Trainee: 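The structure's right below; bear with me while I get my questions together.
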Number of protein chains: 2
Amino acid sequence: MSSAALVPVFAALGDETRWSILAALGEGDASASALAERLPVTRQAIAKHLAVLAEVGLVEPVRVGREVRYRVLGAELSATAARLDAVGRDWERRLAAIKEIAEGL
Amino acid sequence: MSSAALVPVFAALGDETRWSILAALGEGDASASALAERLPVTRQAIAKHLAVLAEVGLVEPVRVGREVRYRVLGAELSATAARLDAVGRDWERRLAAIKEIAEGL
DNA sequence: ATCACCTGCAACTCAATAGTTGCAGAAGAT
DNA sequence: ATCTTCTGCAACTATTGAGTTGCAGGTGAT
């Protein structure tokens with residue numbers, strides 16, 4: 001089941017640095033230390049971001065020996081997108097209905 | 001064209017109060033003052049949120065006499081959802097490819 | 001056993017932002 | 001013309017969060 005609250009997911013996605021991290025993970029799993037070599041922030045900052053991303057289910061930790069690699073979960077992203085789309089369509093539908101009533105049809 | 005940067009849109013959607021506002025607007029256009037009567041925050045706070053939402057194209061101001069009503073743009077939400085889904089699918093695809101290579105297929 | 005490296009926790013700084021109050025100004029209503 | 005009401009601007013507070021440095025603890029490699 002992947003239905004954490006919707007809003008925290010967007011809050012997690014509302015940060016450029018986290019997108020850099022997600023983009024980097026999109027090219028293969030990596031640890032916080034490995035990511036720190038490619039990004040202009042410290043390992044600890046990245047670790048915090050990864051914790052946020054893991055909290056909302058966008059990323060998943062995988063122990064490999066003494067390091068902890070992270071895997072991006074694209075499916076969760078798509079699921080979130082689906083829910084967002086549903087909300088958007090619902091509002092469009094309801095507002096269209098209101099408009100018709102207002103026009104006296 | 002509705003392609004503002006993607007990240008600020010998520011940042012805008014990462015706030016509970018703004019979702020309350022969007023939900024209220026989903027039941028019909030309303031002004032900041034009208035919204036302030038239904039929500040537990042001041043009009044000015046709502047005005048700021050509406051400015052943020054308008055900035056990223058999720059909402060649109062409409063002058064009606066001396067008041068300014070806001071209309072929620074569900075289509076923009078759906079467009080954002082589509083872009084999000086595309087990113088998610090892309091990552092899944094790439095990671096699946098990497099996995100196959102790693103397994104020596 | 002020792003060394004190197006990676007993770008995790010804690011304390012701190014600084015900037016951004018959600019929220020407030022207060023006031024000035026413009027546009028309908030009477 | 002006056003009164004009401006709605007909007008917009010400005011200053012201020014407080015909280016959150018991004019980022020840092022420093023250090024302690026484990027785990028694999030030699």
Side-chain angles (χ1 to χ4, degrees), chain A residues 4-25 27-73 80 102, chain B residues 4-25 27-72 102:
Chain A
L6 196 59
V7 180
V9 179
F10 292 123
L13 291 175
D15 183 278
E16 296 282 359
T17 302
R18 279 195 281 270
W19 276 95
S20 312
I21 292 174
L22 289 172
L25 290 180
E27 297 175 4
D29 302 354
S31 67
S33 296
L35 290 169
E37 291 175 0
R38 310 176 48 182
L39 300 177
V41 287
T42 60
R43 174 184 64 86
Q44 288 82 348
I46 291 178
K48 286 186 185 177
H49 285 304
L50 287 170
V52 172
L53 292 170
E55 181 70 24
V56 299
L58 287 174
V59 112
E60 185 185 44
V62 180
R63 286 211 70 104
V64 177
R66 71 178 157 184
E67 60 184 329
V68 180
R69 294 194 188 151
Y70 286 82
R71 159 172 305 149
V72 66
L73 299 175
T80 301
Chain B
L6 196 59
V7 180
V9 179
F10 292 124
L13 291 174
D15 183 278
E16 295 282 358
T17 302
R18 278 194 283 267
W19 275 94
S20 312
I21 293 173
L22 289 172
L25 290 180
E27 296 175 5
D29 302 355
S31 67
S33 297
L35 290 170
E37 292 175 0
R38 309 177 49 182
L39 300 177
V41 288
T42 60
R43 173 184 65 86
Q44 288 83 347
I46 292 178
K48 285 186 185 179
H49 285 303
L50 286 171
V52 172
L53 292 170
E55 181 72 22
V56 298
L58 287 174
V59 110
E60 185 186 46
V62 181
R63 288 210 69 105
V64 177
R66 73 177 155 183
E67 61 184 326
V68 179
R69 293 191 188 154
Y70 286 83
R71 159 174 305 148
V72 67

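Keep in mind the model is a prediction, meaning the values are calculated, not measured. Each chain gets a letter, A, B and so on, in the order its sequence line appears, and its residues count up from 1.
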Trainee: Any N/O pairs under 3.5 Å between the protein and nucleotides 3-5 of chain D? List them or say none.
Mentor:
from	atom 1	to	atom 2	distance (Å)
D:dT5	O2	B:Arg66	NH1	3.2

Trainee: Over all heavy atoms of both residues, which pair between B:Arg63 and B:Arg66 is shortest? Give the atoms and the distance, please.
Mentor: NH2-O, 3.7 Å
Trainee: Starting at CD1 of B:Ile46 and ending at P of D:dG8, how long is that distance when rounded to a whole Å?
Mentor: 14 Å
Trainee: Take the protein atom CG of B:Leu39 and the nucleotide atom C1' of C:dT20, then report the distance between them rounded to whole Å.
Mentor: 16 Å
Trainee: I need the CZ-C1' distance between B:Arg69 and D:dC6, as an integer number of Å.
Mentor: 12 Å
Trainee: Can you give the donor-acceptor pairs under 3.5 Å from side chains of residues 29-44 of chain A to other protein atoms, not counting sequence neighbours?
Mentor:
from	atom 1	to	atom 2	distance (Å)
A:Asp29	OD2	A:Arg71	NE	3.3
A:Asp29	OD2	A:Arg71	NH2	3.1
A:Ser31	OG	A:Ala34	N	3.2
A:Arg38	NH2	A:Glu27	OE1	3.3
A:Thr42	OG1	A:Ala45	N	3.4

Trainee: Would you mind reading off the distance between B:Arg63 atom CZ and D:dT7 atom P, rounded to a whole angstrom?
Mentor: 9 Å
Trainee: Can you give me every donor-acceptor pair (side chain of residues 6-23 of chain B, partner residue at least two apart or in another chain, under 3.5 Å) with its distance?
Mentor:
from	atom 1	to	atom 2	distance (Å)
B:Asp15	OD1	B:Thr17	N	2.9
B:Asp15	OD1	B:Arg18	N	3.0
B:Arg18	NE	B:Ala12	O	2.6
B:Arg18	NH1	B:His49	ND1	3.0
B:Arg18	NH2	B:Ala11	O	3.4
B:Trp19	NE1	B:Leu13	O	2.6
B:Ser20	OG	B:Glu16	O	3.1

Trainee: Tell me, for nucleotides 13-25 of chain D in 5' to 3' order, what letter each nucleotide earns: B for a base near a protein heavy atom under 4.0 Å, S for only sugar-phosphate near one, - for neither?
Mentor: -----SBBBB---
Trainee: Quick one: bend of the helix from C:dA1-D:dT30 to C:dT30-D:dA1 from 5 pairs per end, to 10°?
Mentor: 30°
Trainee: Nearest-Å distance, CD1 (B:Ile21) to P (C:dG19)?
Mentor: 8 Å
Trainee: Return the CG to CG distance between A:Leu25 and A:Leu73, rounded to the nearest 0.5 Å.
Mentor: 10.0 Å
